[in-house]
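All remarks here apply to the structure that follows.
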Amino acid sequence: MTEYETILVEQRGRVGWITLNRPQALNALNSQLAQEVTAAAVAFDTDESVGAIVVTGSEKAFAAGADIKEMESMSAAEMRATDHFGSWSDFAAVRTPVIAAVSGFALGGGCELAMMCDIILAADTAKFGQPEINLGVIPGMGGTQRLIRAVGYYKAAEIILSGRIMGAEEAERAGLVSRVVPASDLITEATTLAETIASKSLPSLYAAKAALDAAMETPLAEGLAHEKQAFAALFDTVDQKEGMAAFREKRSPNFINQ
Ligand code: CO8
């Protein structure tokens with residue numbers, strides 16, 4: 001496997017794990033880490049032996065934001081020219097379902113990274129926020145767009161305009177987090193969820209994720225048309241025949257990911 005310096009990468013069964021590992025900076029996302037996370041996610045995405053990816057951090061921090069020290073001296077022209085953090089769009093585009101397992105701080109770019117994932121599982125210690133306004137900037141990795149879609153305009157506006165940080169329970173009530181679990185159970189719960197997802201047929205997982213993405217990006221009629229096509233296309237897969245035969249025969253399906 002490729003050598004990485006800012007992350008730990010491991011495959012356990014059909015689940016690919018990416019652990020952010022810059023403890024000295026609370027996993028702040030610098031450009032090296034952005035490239036490494038994206039490269040690792042894309043490598044898992046092109047490997048048929050991986051059916052789900054988990055991104056996690058440490059107990060204290062999922063990620064405390066983009067690396068402020070790396071950005072501080074940049075000019076607007078430099079920021080535009082280097083497309084600083086541009087590689088995150090490749091991360092957001094992976095076809096494989098991605099779970100963010102969040103403990104501690106998920107602030108700024110950290111919250112935005114979690115929102116690029118499909119499911120956010122939170123430890124009861126998790127803290128979510130977009131504090132960029134305190135630094136004289138605004139969210140730059142999708143926060144203004146994805147937080148609104150997750151929690152609605154008014155809640156997102158309060159969080160982004162004031163920089164207030166939400167606890168895990170509030171984030172769950174708001175719809176940002178799918179489930180809050182005790183911090184000591186976070187990795188076990190993420191493992192169980194990821195293994196459950198990874199046991200399904202890959203073509204249907206890819207189709208489901210693409211349809212969910214379409215719902216975020218298109219008007220209802222277009223999204224429904226996308227779903228109808230994708231649903232029909234799955235009837236040409238071996239796994240659809242197997243899944244339905246297994247139901248009829250009252251047994252578990254043996255998917256071959258075709
Ligand atoms: N960047 C760089 N270093 C950081 C960051 C960060 N975001 N967060 C923490 N660190 C470093 C600290 O500087 C410190 O290092 P050192 O020991 O060398 O001084 C170390 O991590 C530990 O941090 P603290 O001592 O501050 O730990 P505390 O427990 O006291 O506080 C906090 C934890 C509250 C999380 C605090 O560290 C903090 O407020 N961090 C910054 C949070 C923040 O503002 N995040 C938003 C950053 S901006 C952003 O994410 C924009 C995203 C879009 C970019 C897109 C570009 C195109």
Side-chain angles (χ1 to χ4, degrees), residues 4-8 18-39 41 55-94 98 100-117 120 122-151 155-171 174 176-177 183 186:
Y4 297 108
E5 289 175 1
T6 64
I7 57 174
L8 305 173
I18 300 175
T19 304
L20 310 182
N21 189 32
R22 293 188 71 215
Q24 74 287 4
L26 299 184
N27 292 333
L29 315 172
N30 62 10
S31 37
Q32 182 183 2
L33 182 142
Q35 274 155 18
E36 291 188 356
V37 171
T38 301
V55 179
T56 193
S58 67
E59 232 175 274
K60 180 162 184 194
F62 177 72
D67 192 315
I68 299 169
K69 294 163 188 167
E70 187 185 56
M71 288 186 293
E72 185 182 354
S73 62
M74 291 177 80
S75 67
E78 272 177 300
M79 188 57 88
R80 280 190 290 265
T82 56
D83 189 20
H84 203 59
F85 291 98
S87 68
W88 286 118
S89 52
D90 294 336
F91 173 83
V94 301
V98 185
V102 176
S103 181
F105 297 109
L107 303 179
C111 186
E112 292 169 300
L113 171 58
M115 290 191 289
M116 285 179 211
C117 302
I120 304 179
D124 49 10
T125 56
K127 294 173 198 67
F128 297 87
Q130 298 290 161
E132 289 89 342
I133 206 82
N134 299 327
L135 302 168
V137 291
I138 65 169
M141 279 169 53
T144 60
Q145 307 303 301
R146 290 196 176 96
L147 191 60
I148 284 176
R149 284 162 168 80
V151 306
K155 184 99 183 171
E158 190 212 336
I159 296 299
I160 289 167
L161 296 174
S162 72
R164 184 172 72 80
I165 289 169
M166 282 187 277
E169 302 288 346
E170 182 182 354
L176 176 63
V177 157
L186 180 67

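Numbering of ligands and ligand atoms starts at 1, following listing order. All figures in this text were calculated on a predicted structure; none of them were measured in a lab.
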Counting from 1, what ligand 1 atoms have a heavy atom of [X] closer than 4.0 Å?
X: Gln24; value: 15 (O), 20 (C), 21 (O)
X: Leu135; value: 44 (O), 47 (C), 48 (S)
X: Ala25; value: 4 (C), 9 (C), 10 (N), 11 (C), 21 (O)

When you measure from the side chain of Ser103 to the backbone N and O of Ala123, does any donor-acceptor pair fall under 3.5 Å?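 No, Ser103 side chain to Ala123 backbone: no donor-acceptor pair under 3.5 Å.
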
Closest to [atom] (judged by heavy-atom distance), picking from [options]:
atom: atom 53 (C) of ligand 1; options: Gly110, Pro23, Gly140, Gly142; result: Gly140
atom: atom 54 (C) of ligand 1; options: Ala66, Ser31, Ala61, Ala34; result: Ala66
atom: atom 8 (N) of ligand 1; options: Ala106, Ala64, Gly143; result: Ala64
atom: atom 13 (O) of ligand 1; options: Arg22, Lys69, Lys60; result: Lys69

Should Cys117 and Phe91 count as side-chain neighbours, where that means a heavy-atom distance under 4.5 Å?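 Touching, per the 4.5 Å side-chain cut-off.
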
Do Glu72 and Met74 make a side-chain contact, defined as non-hydrogen atoms from C-beta onward lying under 4.5 Å apart?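 In short, these two side chains do not touch, never coming nearer than 4.5 Å.
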
NZ of Lys155 to CD1 of Ile160: how many Å apart, nearest 0.5 Å?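 Between Lys155 NZ and Ile160 CD1, I get 12.5 Å after rounding to 0.5 Å.
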
What's the spacing between Lys60 NZ and Lys127 NZ if we round to 0.5 Å?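 Result: 9.0 Å between the selected atoms.
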
Answer side chain, backbone, both or neither: which part of Met141 comes under 4.0 Å from ligand 1, heavy atoms only. both

Is the closest N or O pair between [X] and ligand 1 shorter than 3.5 Å?
X: Leu107; value: no
X: Ala28; value: no
X: Glu112; value: no
X: Gly108; value: no
X: Gly109; value: yes

Could you work out, with salt bridge (Lys or Arg N to Asp or Glu O under 4.0 Å) as the rule, every residue matching Arg146, not counting sequence neighbours?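 Per chain and number, Arg146 pairs via salt bridge (Lys or Arg N to Asp or Glu O under 4.0 Å) with no residue.
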
Just to verify, what does Glu36 make a salt bridge (Lys or Arg N to Asp or Glu O under 4.0 Å) with, not counting sequence neighbours?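 Scan of Glu36 (salt bridge (Lys or Arg N to Asp or Glu O under 4.0 Å), adjacent residues dropped) gives none.
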
Knowing that exactly one of Asn27, Val55, Leu26 qualifies, which makes a side chain to side chain contact (heavy atoms under 4.5 Å, CB included) with Phe62?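 With Phe62 as partner, Asn27, Val55, Leu26 yield a single side chain to side chain contact (heavy atoms under 4.5 Å, CB included), made by Val55.
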
Under 3.5 Å, is there a donor-acceptor pair between the Glu59 and Thr125 side chains?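 Looking only at side-chain atoms, Thr125 and Glu59 do not form any donor-acceptor pair under 3.5 Å.
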
